[in-house]
Amino acid sequence: MNQRSNFTSKIGFVLAAAGSAVGLGNLWRFPYLAAQHGGGTFLLVYLILAVTFGFALMIAEIAIGRKTGLSAIGAFKALDKRFGFLGVLASAVPIIILPYYCVIGGWVSKFFATYAISGAQLVAEHTVINGKELAFFQVFVSKIGEPIGWFCLFVGLTAIIVLFGVEKGIEKVSKVMMPILVVLTVGIAAYVVTRPSALEGVIYYLKPNFKNFSITTIFAAMGQLFYSMSLAMGIMVTYGSYMKKENHLESSVRQIELFDTAIAFSAGLMIVPAAYSSIVNGQTKPGPTLMFITLPEVFKEMPMGSLIGAVFFLLVFLAALTSSISLMETIVSIVLDKTKFGRKTACIIVTAFTLLVGIPSALGFNIWSHIRPLGLDDILTFFDFVSNSVMMPIIAFFTCVIIGFIIKPKAIVDEVKATDGTFKSEKLFTVMIKWIAPVFILGILCFSVAEGMGWITV
Ligand code: TRP
């Protein structure tokens, strides 16, 4: 086996994994899902899942990587030959995510440019078209060429960086960027929360109301957990393969989770209360566009709104870019492993594929808005649903099975204990991975399939 390079320090490992975890999932996806699924109810379900289920799965994935020293495709095969397909399935997830991720990256780029050039007033403007009042964002996505142009730009940028491999530079950028992102998110959230009209929205976001609870809440929260923490797609296995034995796995996982959840929580605090009144009035239906419609209203009212808007979207842009780079890098390395192509050819193939598959997601907001696969709102939501709510639970289920019943939880426990003999949540981990998690995922999967097929209705 060739010598793997290692992260030099524990903090280096935690930051790199957190850099992969923090992205559009926290800033864009979490707030709109929370708004859709009953605010506080969603938050509570998400937090419970994060400290039990997410914790167990992240421990498992990183431990598998560190134990085998291999990335996903090889690692699962090394554990048990029959489970090689799991690595392949996990690798398919980034391939589905990357194209639509870049579509949103394009929207973010457009917003950054508009804040920087024209200021906060323009972005908050509404235009009446055919008697309907449309937000700046809605007018933007209803055009055909412009969103696709920004999408291509974003893909191009990602591809150039992946091609030249300036990951070292990216790492430095992340180190500066992450703290600023945290400060800014917390600052904007504090501003939103202290507005006189915010109280009801804040209560909606923080206080669970079980009237809002349904099984789809759990389903959505679980999909979000996988997405946000980059689980069930082989990423954390790969990161684990670079981790040293001296670094304590359990406390690293705690730190990554805390960081990721804190950012998602503040992003929700910044968007959900601000959107609350228009959601209650029925003016806004929370969905993928929420961040782009609600936040401009906040920035318009804020002192120095144009500057804050520009800085905010610049940071979202950078967070999205670092994530899209590691998504593309993952796919490129799969192509490199499986074919004889060189790095340049592999990059070109992946870029062409991303462009081709991403365009329908962009068109789903204008000329193809009538296409609603599986009855979902739009094509982008469809890709998001298939990867997060169907494929990732399947992968997570089999990961639990392979650990619980084939290699046995003890193998992972020993790997965690390899550092200094301690594993505080050993019991929790063992019970979760062997019994609770797989049963739970299977139940939810059956339910969603049954619902999708129209066998049951909620
Ligand atoms: N977790 C990232 C986010 O919250 C998205 C993501 C999923 C990702 N899988 C990834 C990023 C793999 C990098 C690599 O936005």
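Just follow the structure's listing: the first ligand is 1, and inside any ligand the first atom is 1. Side-chain atoms are counted along with the backbone in the values below, which use heavy atoms only and exclude waters and symmetry mates.
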- prompt: Run the ring-ring contact (aromatic ring centres under 6.0 Å, His included) check on Y100 and F383 step by step: do they pass?
  reply: CA-CA 7 Å; Y100 84 79; F383 282 122; 7.1 Å; no
query: Going through the distances and angles, do F42 and F30 end up as a ring-ring contact (aromatic ring centres under 6.0 Å, His included)?
result: CA-CA 10 Å; F42 181 85; F30 183 85; 5.7 Å; yes
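Shown here is F85, whose CZ atom has more than 12 heavy atoms of other residues, nucleotides or ligands within 6.0 Å.
Near I235, meaning under 4.0 Å from any of its heavy atoms, are these atoms of ligand 1: 12 (C), 14 (C). Remark: ligand 1 atoms within the under-4.0 Å shell around heavy atoms of N26 are 4 (O).
Among protein heavy atoms, the minimum distance from atom 5 (C) of ligand 1 is reached at Y227 O, 3.8 Å. From the protein, the heavy atom lying nearest to atom 13 (C) of ligand 1 is S326 OG, 3.0 Å. Atom 8 (C) of ligand 1 has S230 OG, 3.6 Å as its closest protein atom, hydrogens excluded (heavy atom only). The protein heavy-atom contact nearest to atom 11 (C) of ligand 1 is S20 O, 3.3 Å. Protein heavy atom nearest atom 9 (N) of ligand 1, with residue, atom name and distance: M233 SD, 2.9 Å.
One finds no salt bridge joining R372 and D378 here, because no Lys/Arg side-chain nitrogen approaches an Asp/Glu carboxylate oxygen to under 4.0 Å. Electrostatic pairing of K424 and E250 does not count as a salt bridge here, judged by no charged N lying under 4.0 Å from a carboxylate O.
In this structure, Y115 has its ring center no closer than 6.0 Å to that of F312. Here the two rings, on Y32 and W28, have centers that are under 6.0 Å apart.
A heavy-atom separation below 4.0 Å is not found between W28 and ligand 1. Note on ligand 1: P94 sits outside its first shell, no heavy atom being nearer than 4.0 Å.
Proximity annotation for atom 15 (O) of ligand 1: of G25, S228, G234, A17, G25 comes nearest, heavy atoms only.
Minimum interatomic distance between S266 and T185 (heavy atoms only, all atoms of both residues): CB-CG2, 3.7 Å.
Residue-level proximity to ligand 1 for A21 is carried by the backbone, the only part with a heavy atom below 4.0 angstrom.
The shortest N or O to N or O distance between I97 and ligand 1 is not under 3.5 Å.
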